[in-house]
Amino acid sequence: MDCGTGAGVLGVLLALELPGSQWRLVDARERRCEMAQRAVAATGLTERVTVEHALVDEMARADGRGGYDGAVARSFGPVPELAECALPLLNEGGTLVVSVSASTAGRWQRMPLAERTGCEIEGAWTTPHGRYLSVMRFGPIPADLPRRRSARRRCPLG
């Protein structure tokens, strides 16, 4: 799952790099989904990559909950928002990999992930292309996550 895929760059590149994988690229904006769909078609990935115009938090409360081995996000939004919306998508043992800055990495590290989400930071690394962090689900995700947008904004996770 590529959360907040935008034009689909990250999901398409990962699908090309991991030929045995299946991908679902999700974005809340229809225009971005159209661009992602063109990228998927142009790279010949339509057999194993789908693009969906949807809200990640709604998917995490419905058919997507606990359904993914992995998810990625590059510029989804604030750390608490991404954690609360994307982590419930993971199955037990699944991993979320996020692109981070020094300050967002610190924000992830200060969040009470284990207590609130049944997840923990598994690793962090830097490459010439950026800084990344992985979060693994090891236990149950509380049934109340993700909360509605207004509740998330009023009282962010962490």
Side-chain angles (χ1 to χ4, degrees), residues 1-109 111 113-114 117-141 145-146 157:
M1 161 81 70
D2 181 359
C3 303
T5 193
V9 174
L10 181 58
V12 166
L13 289 174
L14 287 168
L16 289 168
E17 189 66 25
L18 303 166
S21 63
Q22 298 281 320
W23 287 87
R24 189 175 187 181
L25 314 183
V26 179
D27 201 279
R29 297 204 172 133
E30 191 171 0
R31 174 100 170 103
R32 289 179 183 167
C33 289
E34 291 168 1
M35 290 187 292
Q37 188 59 54
R38 285 196 297 273
V40 168
T43 53
L45 295 170
T46 55
E47 291 294 315
R48 51 192 194 86
V49 179
T50 59
V51 178
E52 190 167 340
H53 175 227
L55 295 171
V56 172
D57 64 332
E58 289 180 2
M59 293 177 73
R61 283 191 294 272
D63 71 319
R65 188 176 189 83
Y68 296 90
D69 295 330
V72 296
R74 201 181 96 219
S75 45
F76 185 88
V79 170
E81 183 81 2
L82 175 58
E84 190 161 342
C85 292
L87 293 174
L89 294 167
L90 300 174
N91 59 30
E92 195 150 342
T95 302
L96 169 67
V97 176
V98 295
S99 175
V100 295
S101 65
S103 87
T104 57
R107 181 83 168 124
W108 277 99
Q109 291 163 345
M111 247 194 313
L113 289 172
T117 67
C119 299
E120 62 185 14
I121 294 175
E122 182 179 43
W125 63 97
T126 302
T127 73
H129 306 290
R131 186 180 285 192
Y132 305 90
L133 186 129
S134 64
V135 180
M136 184 184 75
R137 178 174 165 207
F138 65 86
I141 298 282
L145 295 182
L157 189 66

Would you please test Arg24 and Thr50 for side chain to side chain contact (heavy atoms under 4.5 Å, CB included) and show each step? CA-CA 5 Å; Arg24 189 175 187 181; Thr50 59; 3.8 Å; yes
Which heavy atom in [X] sits nearest to a heavy atom in [Y], and how many Å separate them?
X	Y	value
Ala60	Pro88	CB-CB, 3.9 Å
Asp27	Gly6	OD2-N, 2.8 Å
Ala36	Thr5	CB-CG2, 4.3 Å
Asn91	Gly66	CB-O, 3.3 Å
Leu157	Met111	O-SD, 3.7 Å
Ala71	Leu90	N-CD2, 4.0 Å

Spatial distance of atom [atom1] ([X]) from atom [atom2] ([Y]) [nearest 0.5 Å]:
X	Y	atom1	atom2	result
Thr117	Glu84	OG1	CD	9.5 Å
Cys3	Leu25	SG	CG	10.5 Å
Leu13	Trp23	CG	CH2	10.5 Å
Leu133	Thr95	CG	OG1	11.0 Å
Glu52	Cys33	CD	SG	8.5 Å
Leu16	Thr43	CG	OG1	5.0 Å

[X] side chain near [Y] side chain, heavy-atom distance below 4.5 Å:
X	Y	value
Leu87	Leu145	no
Leu113	Ile121	yes
Val72	Tyr132	no

Given Leu82 and Trp108, is the side chain to side chain contact (heavy atoms under 4.5 Å, CB included) satisfied, shown in steps? CA-CA 10 Å; Leu82 175 58; Trp108 277 99; 3.7 Å; yes
Looking at [X] and [Y], would you say the former's side chain and the latter's main chain have a donor-acceptor pair under 3.5 Å?
X	Y	answer
Thr104	Val100	no
Arg74	Phe76	no
Arg48	Ser21	yes
Arg107	Val79	no
Ser134	Gly123	yes
His53	Ala28	yes

How about CZ on Arg65, more than 12 heavy atoms from neighbouring residues, nucleotides or ligands closer than 6.0 Å, or not? yes
Set out, in order, the CA-CA distance, both residues' side-chain angles and the distance that settles side chain to side chain contact (heavy atoms under 4.5 Å, CB included) for Leu96 and Cys119, then state yes or no. CA-CA 10 Å; Leu96 169 67; Cys119 299; over 6 Å; no
With side chain to side chain contact (heavy atoms under 4.5 Å, CB included) as the test, would you mind laying out the steps for Val40 and Val12 before giving the verdict? CA-CA 6 Å; Val40 168; Val12 166; 3.9 Å; yes
